[in-house]
Amino acid sequence: MIPLDTRRLFRAEFPALPDRAAAVRRMVAGHLRDWRLGTIVDHVVLATNELFANAVEHGSSGPADTVTITVSLERFGRELRVEVADGSPVIPVARKPEPTEESGRGLAIVEDLALDWGTEPPDPGVRGKKVWFTLPLVATS
């Protein structure tokens with residue numbers, strides 16, 4: 001088990017393309033398993049995937065866009081934090097889609113899975129925003 005006072009961080013950038021979602025999921029799952037956090041892998045991967053999909057669909061200007069997504073995980077005390085940053089300054093808004101709609105549930109899924117979620121400005125000198133969520137940290141041996 002990793003001591004709770006240990007800070008872990010990884011950051012990776014991906015092209016803002018839907019076909020990169022599988023690589024994002026594999027990377028997140030791999031790091032969590034390396035950190036012996038297997039009990040939360042499914043929830044973290046699903047919530048991260050939803051934020052990545054939103055960033056690709058709403059945070060890029062087209063399929064050939066060079067906007068990249070940055071995914072970071074940090075361990076603070078008893079929480080795991082995931083941030084997805086994109087180049088759009090438009091803040092996401094949770095909505096209630098009709099039952100027959102095929103999309104529009106991403107933020108509701110994140111809200112259901114996460115302890116907390118929100119947005120914040122990008123890093124200094126970068127355009128866009130960060131969308132983040134936290135989960136209680138449960139370590140496995």
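Predicted, not measured: the structure shown is a model, and the values here were computed from it. All residue numbers refer to positions in the sequence shown, counting from 1.
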Residues passing the side chain to side chain contact (heavy atoms under 4.5 Å, CB included) test with Val90, sequence neighbours excluded, are Ser88
Note: Val56 and Ala16 closest approach over all heavy atoms is CG1-O, 3.7 Å
Residues at least two apart in sequence or cross-chain that pass side chain to side chain donor-acceptor pair (under 3.5 Å) with Arg26, listed by chain then number, are none
TODO: Determine, stepwise, if the pair Leu113 / Leu46 fulfils side chain to side chain contact (heavy atoms under 4.5 Å, CB included).
DONE: CA-CA 9 Å; Leu113 295 172; Leu46 178 56; 3.7 Å; yes
Taken in chain and number order and not counting sequence neighbours, the residues that satisfy side chain to side chain contact (heavy atoms under 4.5 Å, CB included) with Asp123 are Arg11, Val126, Lys130
Scanning both residues in full, the closest heavy-atom pair of Pro122 with Gly128 reads CD-O, 3.1 Å
On a heavy-atom basis, the closest approach of Trp132 and Asp116 is CH2-OD2, 3.4 Å
For Glu102, the side chain to side chain contact (heavy atoms under 4.5 Å, CB included) test, sequence neighbours excluded, returns none
Begin with the C-alpha distance, continue with both residues' side-chain angles, and end with the deciding distance and a verdict on side chain to side chain contact (heavy atoms under 4.5 Å, CB included) for Glu83 and Val131. CA-CA 6 Å; Glu83 298 174 352; Val131 182; over 6 Å; no
Looking only at heavy atoms, the pair that brings Pro136 and Ile40 closest together is O-CG2, 4.1 Å
For Leu107 and Pro92, the nearest pair of non-hydrogen atoms, with its separation, is CD1-CB, 3.6 Å
Residues at least two apart in sequence or cross-chain that pass side chain to side chain donor-acceptor pair (under 3.5 Å) with Glu120, listed by chain then number, are Arg81
* To do: Starting from the C-alpha separation in whole Å, work towards a yes-or-no answer on side chain to side chain contact (heavy atoms under 4.5 Å, CB included) for Val24 and Phe14.
  => CA-CA 8 Å; Val24 170; Phe14 294 88; 3.7 Å; yes
For Glu111, the side chain to side chain contact (heavy atoms under 4.5 Å, CB included) test, sequence neighbours excluded, returns Trp117
Worksheet item: Between Leu80 and Val44, does a side chain to side chain contact (heavy atoms under 4.5 Å, CB included) hold up when you go through it step by step?
Response: CA-CA 9 Å; Leu80 183 80; Val44 174; 3.6 Å; yes
